[in-house]
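A quick write-up on the structure given underneath.
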Amino acid sequence: MQEHDLTIRNGTIVTAAEAFRGDLGIAGGRVVAMAARLQASARDIDATGRLVMPGGIDSHCHVEQLSSTGVMCADDFYSATVSAAFGGNTTIIPFACQHRGNSLLEVVKDYSERARTKAVIDYSFHLIVSDPTVEAMNEHLPQLIRRGMTSFKVYMTYDRLKLDDYQLLEVLSLANREGALVMVHAENNDMIRWIAKRLLDQGHKAPRFHVVSHDPVAEAEAAHRAIAISRLLEVPILIVHVSGIEAARIIRAAQTLGAQVYAETCPQYLFLTAADVDLPGLEGAMFCCSPPPRDYASQEAIWAGLTNGTFQLFSSDHAPYRFDESGKLPRGSDTTFKEMANGVPGIELRMPLLFSEGVGKGRIGLSEFVALTSTNHARMYGLYPRKGTLAIGSDADIAIWNPDAKVEITWSKLHDNVGYTPYEGRTITGWPETVINRGRIVLSSGTLHAAHGSGEFIPRGAPGPIEQRPAPTPDGRLFKSLIG
Ligand code: URP
Ligand code: ZN
Ligand code: ZN
C-alpha cells in the first residue's frame, strides 16, 4: 500500500463537479489517493464536519505594484500571500505591471525577484501591457508567454496605461497567435475625464464624485467596444471587474450571440454600493475602486450573472492602499477624488464573503463556489488540472473549511497591511481553518507555518476555455481570407 505523507479523513470533498464523503491521501506534494476510507498516515487531519475544497486561486490582485501615478501598494508579496492564505487561497496571480518606457523583460525580472523571497503560497504573473512597442510585441511578449505568463491585462482607461483601439487589435491578434488570453479593463477614458473635469471645475472634490465620474455608460460603452474588437478578430477576451447591470447585460448578450467573451466580477460589486462611498470627509475613499460600486439593481444583476454563467470568475481585485498619504490620500486632506489611489482590499475576504452570502444564503451551490473561486481560474489561465481541483495527480492545494464558523469581520483580525476593510463589522458564516499548498500545511487553527519564499512561481500553459461555445461565424470573416 502506498505511504502517504498526509491524510485528510472524514470530510466532505467538494469539487466543481460534485460533493461526497471521502478521504484524501497526499504524497510528494500531490493528491495520490481519494477513497471512501483510507488508513491514517503519521500526519492525519480529521475533517469531520468540514468541507475539503481545492485551495482558492485569486487571479486578480495587485501586489507590490507601483500605480501609474507612482503610488506603491501597501501589501508586498509576503503580507499579500499570508493574507490570501488565511482567506483559503493557495495560488495568486497578481500583475507584473509595465509602465510606459519600461521593458517587459525587466519588469518581470523585478517582480520575480521580489516575489521569490517573500511569497508563502504559489503564484504566477499576468503582464500589464501599457507600451506595446515593436520590441515588446515581437520579442518580449512571445518570450514571456513561452515562459508561462500566458495572460495580459490591457486598459481602456487611465491616461498613463490606456491603449487605443488600434493597439487593442494588435495585442489581441498577438495573443491569439502566441496562445495567450487578454484581460480588459473596460471603461471609456474620455467620458470619465470629461465628467471629472466639469465636477472639479464646479468644486465637487469628495470621494463620492469618483462614482459620478465613472458613469455606468462609460463601462458599458467600453465593454461593447472591447467585445466588438474581440468579435472582429474572433479572439477571446476576458472583461475584468464588471460592476454593474449595464455592462453585465452587454456581456450576456454577446455571449448569447456566441462571442468568446468571458467575464469576472468581485466582492465589491456584490456587497458595496455607491452609498458606501458617500461618507463624511474623505472616508469614502476607502470604498473607491474603478469601476466603482453601483446600486442594488446592479448587485442583483451581478448575483444573477454568477448563477447564469455570465461570470466565470470571482476574484478580489485586491488593490491595497492605506488611508493616508502613502496611498489613498497623496495630498492629505486636500486630495480630490481624481487624485486618490483607486482600489479596495479583499484578498482575504473574497471567498469567505461569497461562501457566507452565496452558499450560506442558497444563491449558489458548493460546486459553483469551487468553480467560481478556483477551478475556473485554473482552466482559464492554464493551470488546470495541476491546480484548481482535487484529483489524483493534482497539486495538494487544499482548503479545509468550517462551514459553521461565525466570524465578525474586523480589519485587526485580517493579515493584510491596509489598515481597514470595507466590510468592517459584518458577521459571516464559514471560514477556512486549514490551508495546504503542495502538501505543505501553510496554516492551521489561525497559525501560519509557511516560511518566507516557500511559495513557488508556477509557469502556466495555454488558456483553456471553460466551456465550448459555438463559433460566431463558422466560415470565418471575409477579411481574414484576404489579409491572413
Ligand atoms: O480600482 C481598481 N480596480 N484598482 C486596481 C487597478 C485596476 O484597474 O484593476
Ligand atoms: Zn482594472
Ligand atoms: Zn485590478
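Counting convention: from 1, in listed order, for ligands and their atoms alike. Any value given below was found using the heavy atoms of this structure, including those in side chains, with hydrogens, waters and symmetry copies removed.
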When distances are taken from atom 4 (N) of ligand 1, the protein heavy atom at minimum range is Asn342 O, 3.2 Å

Is the distance between the Zn ion (ligand 3) and the nearest N/O/S atom of Cys61 smaller than 2.8 Å? no

Counting from 1 in the order shown, the ligand 1 atoms closer than 4.0 Å to a non-hydrogen atom of Tyr155 are 6 (C), 7 (C), 8 (O)

Answer whether the closest heavy-atom distance between the side chains of Phe125 and Ser112 falls below 4.5 Å.
yes

re atom 8 (O) of ligand 1, the protein heavy-atom contact at minimum distance is His185 ND1, 3.0 Å

Of all protein heavy atoms, the one nearest atom 5 (C) of ligand 1 is His62 NE2, 3.5 Å

The number of protein N, O or S atoms lying under 2.8 Å from the Zn ion (ligand 2) is 3

Checklist entry - Should the pair Asp190-Arg193 be classified as a salt bridge under the 4.0 Å nitrogen-to-oxygen rule? => result yes

Original post:
Does some side-chain heavy atom of Trp411 sit less than 4.5 Å from a side-chain heavy atom of Glu424?
Top reply: yes

Within 4.0 Å of some non-hydrogen atom of Gly343, the atoms of ligand 1 are 1 (O), 2 (C), 4 (N)

Within the 4.0 Å heavy-atom cut-off, what Ala319 brings close to ligand 1 is side chain

Inset, instruction - Taking atom types as modelled, find out whether Ser290 and Asn342 have a side-chain donor-acceptor pair closer than 3.5 angstrom. - result: yes

The single option from His60, Arg350, Glu264 that satisfies side-chain contact (heavy atoms from CB on, under 4.5 Å) with Phe314 is Arg350

Vertex the Zn ion (ligand 3), ends His60/NE2 and His62/NE2: angle to nearest 10° comes to 110°

Of all heavy-atom pairs linking Leu163 and Pro132, the shortest is CD2-CD, 3.7 Å

message = So Gln98 and Leu127, do their side chains get closer than 4.5 Å, heavy atoms only?
response = no

For Cys289, the ligand 1 atoms with a heavy-atom partner under 4.0 Å come out as 1 (O)

- May I ask you to decide if the ring planes of Trp303 and Phe271 are parallel, tilted or perpendicular, using 30° and 60° as cut-offs? perpendicular

Atom 7 (C) of ligand 1 has as its nearest protein heavy atom Lys153 NZ, 3.3 Å

Rounding to 0.5 Å, atoms NZ (Lys162) and CZ (Arg100) come to a distance of 8.0 Å

When the aromatic ring centroids of His204 and Phe337 are compared, is their separation below 6.0 Å?
no

Ranked by distance from atom 1 (O) of ligand 1, the top protein heavy atom is Ser290 N, 2.7 Å

Margin query: Once you measure the plane-to-plane angle for Tyr78 and His452, does it fall in the parallel (<30°), tilted (30-60°) or perpendicular (>60°) bin?
Written below: parallel

Exactly one candidate in Lys387, Arg386, Arg438 meets side chain to side chain donor-acceptor pair (under 3.5 Å) with Asp397; the answer is Lys387

Looking only at protein heavy atoms, what sits closest to atom 3 (N) of ligand 1 is Asp317 OD2, 2.7 Å

